[in-house]
Amino acid sequence: MNQSVRSSHDTRSAAARPFNTHMHRVIEPVLALPSGSAVLDIGCGDGAVGRWLAGRGRHHVLGIDLDLPDRAATGGRRPLPDGGSLELRKADLADIPQQRRYDGVLLLGVLHYAGSADGVRRMLAAADALGTPDAPLALSWICDEVPLTYEEAYLPGRGLVEAVLADLGRTATTAWSREVTHAHGGSPEHDHRIVYGSWQRP
């Protein structure tokens, strides 16, 4: 990975970011959008990435997650002191009105919840439909290319995801992968390949 990839907004140390260097790099195209851009963070977790983007990029970020902790929900759109705003809502992708369009869309670490190849196609199509024609779609997902010792989730292959994105008229502006070895949820130590990338229309 090119360690020199930095945002023009990024004048503070990496410690100021609530995520790793790979995640920072994959959201660069969204961070670089003009201040005041509307951003949708699908599967936002506790909202750390969306909160950082809203504050640093001065974007208006809506984060949704079916498992959003109650303590993280904002109860509506909250303006931030330096511009931008943040709304964190317990919701599903299907709950977002299709007539609204976002200048950037994040789909980070959630494709394995799609459950099947058809589910991946539906999820990517729904995320794509919520973006403006020029919106970057930033993705990260656990890929099936590294053998696992358990089968708790559907792990979509890179070929499948890239084919679906191509069918949607998107091409990768940047894409790479990294391998991690870890254990979680009582499972034995195992390998994951995580793919990162940003896709836009030419």
Discussion item. What I want to find out is whether Asp128 reaches Arg201 closely enough, with some N-O distance under 4.0 Å, to be called a salt bridge.
Written reply: yes
Discussion item. Given Val180, which partner from the list Ile142, Ile194, Asp191 fulfils the side-chain contact (heavy atoms from CB on, under 4.5 Å) test?
Written reply: Ile194
Worksheet item: Does some side-chain heavy atom of Leu86 sit less than 4.5 Å from a side-chain heavy atom of Leu53?
Response: no
Discussion item. Counting the benzene-type ring for Trp, do His112 and Tyr154 have ring centres under 6.0 Å apart?
Written reply: no
Worksheet item: Any side-chain heavy atom of Arg170 within less than 4.5 Å of one from Val164?
Response: no
Item to complete: May I ask you to decide if Val30's main-chain N or O and His59's side chain share a donor-acceptor pair within less than 3.5 Å?
Response: yes
Worksheet item: Minimum heavy-atom separation for Cys143 to Val195, with atom names?
Response: CB-CG2, 3.8 Å
Worksheet item: Are any non-hydrogen side-chain atoms of Leu33 and Pro136 less than 4.5 angstrom apart?
Response: yes
Worksheet item: Between His24 and Trp52, does the ring centroid distance fall short of 6.0 Å?
Response: yes
Item to complete: Give, for atom CG of Asp167 and atom CD of Glu162, the distance between the pair rounded to the nearest 0.5 Å.
Response: 12.0 Å
Discussion item. Quick one, His22 and Ser140 - any side-chain contact, counting heavy atoms below 4.5 Å?
Written reply: no
Response to the item:
Closest heavy-atom pair, Pro97 versus Leu130, reported as atoms and distance to 0.1 Å, is O-CD2, 3.5 Å
Worksheet item: Are His192 and Glu179 side-chain neighbours, meaning at least one heavy-atom pair lies under 4.5 Å?
Response: no
Fill in: Shortest non-hydrogen contact from Val110 toward Gly43
CG1-CA, 3.7 Å
Worksheet entry | Listed partners of Arg122 passing side chain to side chain donor-acceptor pair (under 3.5 Å), at least two apart | none
Worksheet item: Does Arg25 make a cation-pi contact with Trp176, if we ask for NZ or CZ under 6.0 Å from the ring centre and within 45° of the axis?
Response: yes
Discussion item. A quick test of your reading: do over 12 heavy atoms of other residues, nucleotides or ligands sit less than 6.0 Å from CZ of Arg58?
Written reply: no
Fill in: Least distance between heavy atoms, Thr173 atom then Gln200 atom
CG2-OE1, 3.7 Å
Worksheet item: Is Asp82 salt-bridged to Arg56, cutoff N-O under 4.0 Å?
Response: no
Discussion item. Contact between Leu68 and Leu88 at the side-chain level, heavy atoms closer than 4.5 Å - yes or no?
Written reply: yes
Discussion item. To the nearest 0.5 Å, what is the distance between CG on Leu106 and CG on Asp41?
Written reply: 4.5 Å
Discussion item. Which heavy atom of Leu124 sits nearest to which heavy atom of Leu165, and what is that distance?
Written reply: CD2-CD2, 4.3 Å
Worksheet item: Do Arg77 and Ser85 get their side chains close enough for a donor-acceptor pair, meaning under 3.5 Å?
Response: yes
Item to complete: Give the C-alpha distance, both sets of side-chain angles, the deciding distance and a yes or no for salt bridge (charged side-chain N to carboxylate O under 4.0 Å, His left out) between Asp65 and Arg89.
Response: CA-CA 7 Å; Asp65 198 307; Arg89 185 192 306 170; over 6 Å; no
Worksheet item: Is Met23 close to Leu108 at the side-chain level, that is, under 4.5 Å between some pair of heavy atoms?
Response: yes
Response to the item:
Residues Cys44 and Gly63: closest non-hydrogen pair is SG-C, 3.5 Å
Discussion item. Between Leu62 and Ile96, is there a side-chain heavy-atom distance shorter than 4.5 Å?
Written reply: yes
Practice prompt. Report whether Tyr102 and Leu80 are members of the same hydrophobic cluster (ILVMFWY, side-chain heavy atoms less than 4.5 Å apart, transitive linking).
Written response: no
